[in-house]
Student: 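The following block contains the structure, expressed as structure tokens.
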Amino acid sequence: MFFCVIFYVSCVDEFESEESVPNIFIYSELEVGEGIDVFISQTSPFLSASSINTPIEEANVLINENGASVKLDFDVGSNCFIDLDYQISEGSTYGIDVTIPQSSTPDANATVTIPSFKSPVIQVQAISLNQDNEMLTSDIQMNVPMDKANYHELEISAHIIKEVMQSDGTSVFVRDDSATRFMISSNDVTVENLAHRPSCLYNLLSLEGGTVINFNLGANAALSPNDRVDSIRITSRTVTEDYYNYHSTLSNQIELEVAGAGEPVLNYSNIINGTGLFGARSSLTRNIAVE
Amino acid sequence: MIKEIFLVAILLCGTLALSGQVRPDEKEITYTTSGDSLSLIFDAISSIADVNIAYSNALIPPDNQFKVGGFKKPISYFLNKVLDKTELTYKLVGNQIVIIKDEYKFAPDKLTISGRVVDRENGEALPFAAVYSYDNTFGTEANEYGYYSITVSKGLKRLYYTHLGYDKNIREVKLKKDTTINIGLGPKALLNEVLIVDKLLDRKRQNINSTNEMPVDRIRSIASLGGEPDVIRLAHLTAGVSTGADGLGGLAVRGGSSDQNLILLDGVPVYGPGHAFGVFSVFNSNIIKSAKLYKGSMPSKYNGRLSSVFDIRTKDGDQYKSSGEIALGVIAFKGMLEGPLSKGKSSYIFSFRRTFVDPWLGNLSETINDFNGSTGRASYYFYDFNGKINLHLNDNHNLIASYYRGSDVYNNEVNTVIDNSSSSEEFSDTEWNNRNDVGLLRLNSKWNSKLFSRMSLYLSNYKSNLFDYDRRIDVDVVEDINYQIGLLSSEVRDLGFQLDFDYSAGSYHNLFFGIEGIQHALAPGAINFSEDDNLVAGRDLVTNKIVEARLDEVSSSIIELSAYLEDELTFSERFKLRLGISARSFLTDTQTYNYLQPRAALLYHNAPFHIKLGYGQHVQYLHQLVNSGLGLPSEVLISSDDLIRPSTANVFNAGFGFDFDNGYSISTELFYKEYSDLINNNTGPISDITSLNDWQSDLVTGTGLSYGIEAALSRSIGQSIWYINYTFTESTREFDDLNLGQPFEYALNRPHQFKLNFVRKINKNSEFALNWIYGTGNPVSVPDAIQPYIDEEGNLVTIPKFVAKNNGRLPDYHRLDISFSFFNDFSWARQRFTLGLYNAYDRKNPGYLDINKDRDRVNRFVLNQYSIIRILPTVSYSLSF
């Protein structure tokens, strides 16, 4: 019995690792016509108890374009540094410099060039959906532009009109506010459905312009007999390579955290002396009717 | 002055006189006889030539008549003529010709001595027994079945037969024809466990391979875990061998990966050679006869792995009397029974081992869970069964049939109700099962004094299944159910045929050649589920069987065909060279991979000094995908196929050593290995491996490099026997898709290792043993920081940030084991009682690292280090009868 105690009770101790120096965390996705907002925080040593979800309000955040700098102000409502009137232009290159006054945290900076929209788009006005129990599926095709870009994000969701019974026995049809996300796959490109946002990433490195990509869609939607899908919303985005790599590695790591077993993921970042993403994208959204 | 001149003149004249002198047998005479006896001929020649010819009448055939004639011929002409058909010859003694007997005259110049070396007590063949001449001018090694063959010049030979743990046997033979000498060696120190050699009788022979022969005869003298002597744990004490903590994760030999070791049980590959994740091996020590670990310069007959071959041979059974053994330790009980089927010819041996801690473990786990506010029960057991029948068909043919079955069964269920702001219930279920079946049918044949063959048909089947289920439900909110399920499954089934030949081609050549065909069938599988997959309704528990039914395992089959040829050349007693080549083909559904694997080894042995050099190319079809992130190591076995190439390696080794007559030995060896086409998981979670998904696209290919130096010092005689070794190893891997393309250290590498093994005979009935092992901590991937990200709902969530693979290091591993053994003999049995401590100073050696969310603080992680085995007392008793 004594020996079983010794053998069974495997010892658990806290492992002490070296304390790392905190780095500035910058997160921003620039897009034409949307002003600018930047979340600033900092990393924490792994075993430290400091809260890193609190933005650093006292940070100095400068946005640069062609030598001209604009200082961003902290907005309490959004917890970000913003300038809603700032004009983001396609093809322009922007830099960010962040310093934290009276802090030993190293200054951080990054640059990004705003991409033009060159993503594959769907040409049809309506698509059909198949329903098998709770699964909604469909196939769509998108045309790759001749002057294609390499890195893309795709978000497809459905809005459902649900039948709601009222107390007097009559029914009304109400649009469901929440969007049902479609998971996307393809035999033509490698698609990565992100774990932390309702979209997927894919790249066209091995495809020529002018080709057609077939995407397969699948969504888990518990529909009652009188429910119907109102429309499909498709958002295509051309993204920067940094944006692509950051979200790809982040999603991979989140999945690893959930699964518990696998190869460690090294998080991508384009922030010099810091971590996070200073990225950009160009989007086009279409609502497609359902046949 | 005149005196000096005179002396010089005399010397000169004497020299001239001597130089002009004719040898007695060169004197020319004219003589003819048409028929005389030898004595008359000798007398006549002696008289004519005025040369004394001495002979004994007892040697001369008295009645034979001889004819000879010649004109002005030398005496040697006449003597050779008349003596030609007799067993006589002559020699010169001063000015006399002396007629002597030459009993080897008609014997061929080169003759073969062959036979078998066995244990005199029980008839067991002694594999790799040494056979060598007194003056060390020639020698050989018996094969794994004790058969040997050596071609030497005719004449009087004094042969030494030795084997580790046995008294030397000396045999003198007048070699006039091919001779069979079967030798029985008596075990040393029969009454006492510790083998004491009071003086070094044998000049130590050197093996051309870079190999360590495990001292299985002393296996019980070495402090063991839980009183279980273990041959693979014995290998842990060898230079160049590293493991995870306490054997976890398998063996890494000279920086190689744990799947690069070919482990053979009587020549049959064994997959999954470990119980309890590698803490114990599947090999029951009481049936092991020999164990050799080849770390480099492997003979061409060994193929299929890149780093090492561990060739374990089992006993055949006592051919003379029935005997057995029962033993009880802290972990397991075991028994062994052996005996003759036909006395002196055929035999059987059976052994069985099983752990017995499962009932106690279950009750104890319930108690501990209860103490922690949980419910649940753990259980674990393993067992091994070995059976072998050795049939003597006739003097030249032997048939062996053997079977091994082993299994591990583990499960652990824990249910915890967490009563805080949101009452929840956490349930976890871990189940691990594996099973090994190894069957062999082998015909050993001795065709003549030079040719020996082995024809084998075998089956090796390994299946492993790891199920892990973690569920959290909200006590109040019915729909709030979260669970994660993982199932890893591996199955390997080999059906193989081997035909090997050993041919003693001549004094300088020993040829080894053969063919082999193996059908490998693998069925790897890995699948993950979450609550989104709706495996069960509502709050029903998911079971292993439900998940297994959903796992569509991959089925792959690969045919491996090979042929090899090797020549071991002995140029002199000091210089030996071995050259070999192996041709190997792997056939998948649509691809054929062909390889030529050259091997070369050189040994220069000028006692007490020796030098070894070796080179070999290796290829392997089998790959182990390991979860090398945080958490308990888990793996899946896959094979090369149309998309996955076999891995290859170039292996170099060079070493030198001294063996002193007082029993001390010192040796050092350098090694260098380059690997290509290594396989690894890509970053992120291990992909599902099913027949329905493109899992191969989630694998990455890369290269590896390992190099280092081993140094060993030992003393093998006297009341104390000890062995110290130090190893320095650098082992890295490089994949374009991992670690940003930068090289990283291999997970089981320990740059510095130091090992001490010491056995002291206290008196004739007791002994003391001690091991001390030190190794640099294994590398591990450690998060550098916590960083935030924004989730789907726009909330900030934290996640660990990794900056490099294997960037950290677990604390160093070191451990002291001690044991005292007491034994005595009855008239009918021998008993042994052992008391010991494993990890005597209770070092919390790290087994693995894992990240957990801190339950009490939001967005806070805890990095936990798990130690596997703390201090473990050992009590064991065995009775051999």
Side-chain angles (χ1 to χ4, degrees), chain A residues 1-18 20-23 25 27 39 41-53 55 79 134 190 194-198 220 249-267 269 275-276, chain B residues 330 357 360-361 364-365 368 378 484 486 528 530 532 627-629 631 634 680-686 738-740 781-792 796 798-805 808 844 846-847 849 857 859-873:
Chain A
M1 195 67 168
F2 171 71
F3 305 138
C4 279
V5 172
I6 299 297
F7 191 79
Y8 178 70
V9 181
S10 68
C11 179
V12 182
D13 287 303
E14 281 204 22
F15 177 81
E16 297 191 3
S17 62
E18 273 183 36
S20 63
V21 174
N23 287 145
F25 175 80
Y27 188 81
F39 177 80
S41 177
Q42 65 180 16
T43 63
S44 164
F46 186 70
L47 300 175
S48 164
S50 65
S51 170
I52 64 169
N53 292 345
N79 274 335
E134 295 185 353
T190 303
L194 297 177
H196 58 290
R197 47 205 292 169
N220 208 329
T249 55
L250 177 61
S251 176
N252 214 7
Q253 190 183 355
I254 293 167
E255 287 172 348
L256 177 59
E257 292 295 305
V258 171
E263 277 291 327
V265 180
L266 305 189
N267 308 103
S269 167
T275 191
Chain B
V330 171
V357 296
W360 296 353
L361 188 62
L364 176 66
S365 60
I368 292 174
Q484 289 294 324
N528 296 283
S530 70
D532 296 333
N627 156 36
S628 55
S634 49
N680 204 78
N681 286 308
N682 205 342
T683 55
I686 295 177
L738 299 182
N739 204 36
L740 303 177
S781 300
V782 180
D784 181 59
I786 303 176
Q787 64 178 353
Y789 72 91
I790 300 170
D791 72 2
E792 205 166 331
L796 279 173
T798 53
I799 198 165
K801 177 171 180 272
F802 289 89
V803 293
K805 185 169 165 64
K844 293 180 191 175
L849 222 56
R857 285 169 285 192
N859 287 327
R860 166 96 154 89
F861 293 93
V862 177
L863 202 53
N864 285 329
Q865 167 188 305
Y866 293 83
S867 303
I868 305 298
I869 302 177
R870 300 278 299 276
I871 182 169
L872 184 67

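Letters A, B, ... are given to chains in the order of the sequence lines, protein chains preceding strands, and every chain is numbered from 1.
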Student: Minimum heavy-atom separation for A:Gly276 to A:Phe25, with atom names?
Tutor: CA-CE1, 3.7 Å
Student: Out of A:Asn252, A:Leu266, A:Leu250, A:Asn267, which one racks up the most heavy-atom pairs below 4.5 Å with chain B?
Tutor: A:Leu266
Student: What part of B:Asn682 is in contact with chain A, defined as an atom under 4.5 angstrom from a non-hydrogen atom: side chain, backbone, both or neither?
Tutor: backbone
Student: Closest heavy-atom contact between A:Tyr27 and B:Ile790?
Tutor: CD2-CD1, 3.6 Å
Student: Specify which of B:Ala804, B:Gly486, B:Ser530 makes the most heavy-atom pairs with chain A at under 4.5 Å.
Tutor: B:Ala804
Student: Has the side chain of B:Gln484 got a donor or acceptor atom that lies under 3.5 Å from a matching backbone atom of B:Asn528?
Tutor: no
Student: Say whether, by atom type as modelled, one donor and one acceptor occur between the side chain of A:Thr43 and the main chain of A:Asn23 under 3.5 angstrom.
Tutor: yes
Student: Examine whether an atom of A:Leu194 lies under 4.5 Å from a heavy atom of chain B, and if so say whether it belongs to the side chain, the backbone or both; otherwise answer neither.
Tutor: neither
